[in-house]
There are 2 protein chains.
Amino acid sequence: MTKEKALAAGLELFSQKGYSNVGLAEILKTAEIPKGSFYHHFKSKEAFAIQVLERYSNCGLVNFKSVLLEQKGLSPKERIKTFYSDRANEFEQKQFVKGCLLGDSCSEGGVSEEFKAFVGEQLEEWQLTIERCLEEGKENNQISKTLDTRMMASVILNGWEGAISRMKLSKSRQPLDDFMQSLDLLI
Amino acid sequence: MTKEKALAAGLELFSQKGYSNVGLAEILKTAEIPKGSFYHHFKSKEAFAIQVLERYSNCGLVNFKSVLLEQKGLSPKERIKTFYSDRANEFEQKQFVKGCLLGDSCSEGGVSEEFKAFVGEQLEEWQLTIERCLEEGKENNQISKTLDTRMMASVILNGWEGAISRMKLSKSRQPLDDFMQSLDLLI
DNA sequence: AAGACTAAACCGACCAGTCTAATAATTAAC
DNA sequence: GTTAATTATTAGACTGGTCGGTTTAGTCTT
């Protein structure tokens, strides 16, 4: 329970302010746990952050894969648009204070190489999911056979993360909508 | 001279590690100036950072505009590709440790609203330059008249920044190359 | 002499992380 | 079944270091 509260607080705080800008004190206060308990369950702030990230990525991937790989009635483009449209609505509901934990961690400084490597691996997994989705579209003749799916998956993932950064800064969903509109030209 | 050294050090350090991850001590050491001098010339670390950013954006914009708006012999797509290709080569030369100061500042936490507003304004200016470049292409029938140039400028700018984040993480130019390749489908 | 600038000691706030001690939960002994 | 021993967990004061920023004193230049 204590561990659970800590992870929930970490998810909330990190996705709003980023790893470097959240102090342990704030985590403890939000989770309502004492420092001793925290260091009993986690060996360091960074190890804790990786666990938060792991949970975030895994939970997200479950949904991502179910939308991108299992909606057999929809074309790849429709699947991708569905997923991103839902995310955009969520971001808007929370008034653009939360972003993508994984994407934001991309540009986090002051973290170990292990941390960065973990983020990189997770992003690879997300990208690979997009690629598989596109490949399936090729098989069904919903997508041009000449399309470089790896390249396209990379462009989509990175474009989306870039749009989220801009969204957070401008407190507007316009960048997200722009991105989604561009999918019509890309796929 | 003192001020100059500080700004140069700030540019170097901020674009490698980000505002929050560079302490004053490191700036002073790199610039080889004492703290007293720093606070004589700048009222705070943040005010200093804004000046660094201002200089970065202005210098960059001069080049950006000259490539995107004054290369009359090239199509918009060619101009944009030229600019980004040059940037990609620069990034590679510096082994992907430096990114785009403006884009990275997008996701900086722990900064004032004034700081964020400034970053937002500068990004708007860059985006507007792309938009003007595309508009010119419309006039010359190099670009479809139905293209939403504002949307496309947003997608290009944000997509590029997202690719840079990924580049820094993976220490590879692949995300940049992927982005550039996608321009063929977009424009 | 006056203002621009340098120099560094110093400040309180905050940082992640440690330590010791008290308490709760679980297992073992009889 | 009760008590004793053991481990898991909580609690928060405390440490050493770093943060951005201030202050005061001194040194140039004009």
Side-chain angles (χ1 to χ4, degrees), chain A residues 1-54 101 104-105 107-119, chain B residues 1-54 101 104-105 107-119:
Chain A
M1 199 60 230
T2 307
K3 194 172 177 180
E4 210 54 42
K5 283 201 283 181
L7 288 169
L11 176 61
E12 188 70 18
L13 293 170
F14 288 151
S15 53
Q16 280 182 34
K17 315 204 213 174
Y19 175 76
S20 307
N21 296 293
V22 178
L24 220 31
E26 195 176 1
I27 297 169
L28 303 178
K29 193 184 150 200
T30 305
E32 294 176 307
I33 57 166
K35 192 170 269 193
S37 311
F38 181 90
Y39 277 98
H40 173 74
H41 292 288
F42 310 99
K43 75 174 224 290
S44 69
K45 183 193 173 191
E46 194 173 281
F48 165 71
I50 290 182
Q51 283 196 40
V52 171
L53 221 57
E54 195 166 13
L101 197 47
D104 293 347
S105 302
S107 30
E108 273 292 348
V111 293
S112 72
E113 288 305 314
E114 185 199 342
F115 185 97
K116 287 191 218 164
F118 180 80
V119 174
Chain B
M1 199 61 231
T2 307
K3 193 172 177 176
E4 210 55 43
K5 282 200 284 182
L7 288 169
L11 176 61
E12 189 69 18
L13 293 170
F14 287 151
S15 52
Q16 281 183 34
K17 315 205 214 173
Y19 174 76
S20 307
N21 297 292
V22 178
L24 221 29
E26 194 175 2
I27 297 169
L28 303 177
K29 192 183 150 200
T30 306
E32 293 177 309
I33 57 167
K35 193 173 268 195
S37 312
F38 181 90
Y39 278 98
H40 173 73
H41 291 289
F42 311 99
K43 76 174 222 291
S44 70
K45 183 196 174 191
E46 194 174 281
F48 166 72
I50 290 182
Q51 282 194 41
V52 171
L53 221 57
E54 194 166 13
L101 197 46
D104 293 346
S105 302
S107 32
E108 274 290 349
V111 293
S112 71
E113 288 305 313
E114 186 199 341
F115 186 97
K116 288 191 218 165
F118 181 81
V119 173

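Here is the naming used below: chain letters follow the sequence lines, and residue numbers restart at 1 for every chain.
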Item checked: Side-chain N,O (A:T2) to OP1/OP2 (D:dT10) below 4.0 Å -> yes
Item checked: B:H40 side-chain N/O to C:dA7 phosphate OP1/OP2 under 4.0 Å -> no
Margin query: Does B:Y39 form a side chain to side chain contact (heavy atoms under 4.5 Å, CB included) with B:L24? I'd like the steps, not just the answer.
Written below: CA-CA 11 Å; B:Y39 278 98; B:L24 221 29; 2.9 Å; yes
Check: Does A:K29 pair with A:E26 as a salt bridge, N-O distance under 4.0 Å?
Finding: no
Next item on the list: If a protein heavy atom is under 4.0 Å from the base, mark B; if only from the sugar-phosphate, S; if neither, -; do that for nucleotides 12-30 of chain D going 5' to 3'.
Entry: BB------BBB--------
Next item on the list: Establish, for the pair A:K45 and A:Y19, whether the NZ or CZ atom is under 6.0 angstrom from the six-membered ring centre and no further than 45 degrees off its axis.
Entry: yes
Margin query: With a 3.5 Å distance limit and no angle check, can you tell me whether A:T2 reaches the backbone of A:I33 through a side-chain donor-acceptor pair?
Written below: no
Item checked: Spacing between B:K29 atom NZ and C:dA7 atom P, to the nearest angstrom -> 17 Å
Margin query: side chain to side chain contact (heavy atoms under 4.5 Å, CB included), that's the test. Do A:S105 and A:F118 meet it? Break it down for me.
Written below: CA-CA 10 Å; A:S105 302; A:F118 180 80; over 6 Å; no
Notebook entry, point to check: Just checking, is any N or O donor in the side chain of A:T30 or A:E12 under 3.5 Å from an acceptor N or O on the other one?
Noted result: no
Checklist line | Below 4.0 Å: OP1/OP2 of C:dA4 and any side-chain N or O of B:H41 | finding: no
Check: Whole Å only: how far is the CD1 atom of A:I27 from the C1' atom of C:dG17?
Finding: 13 Å
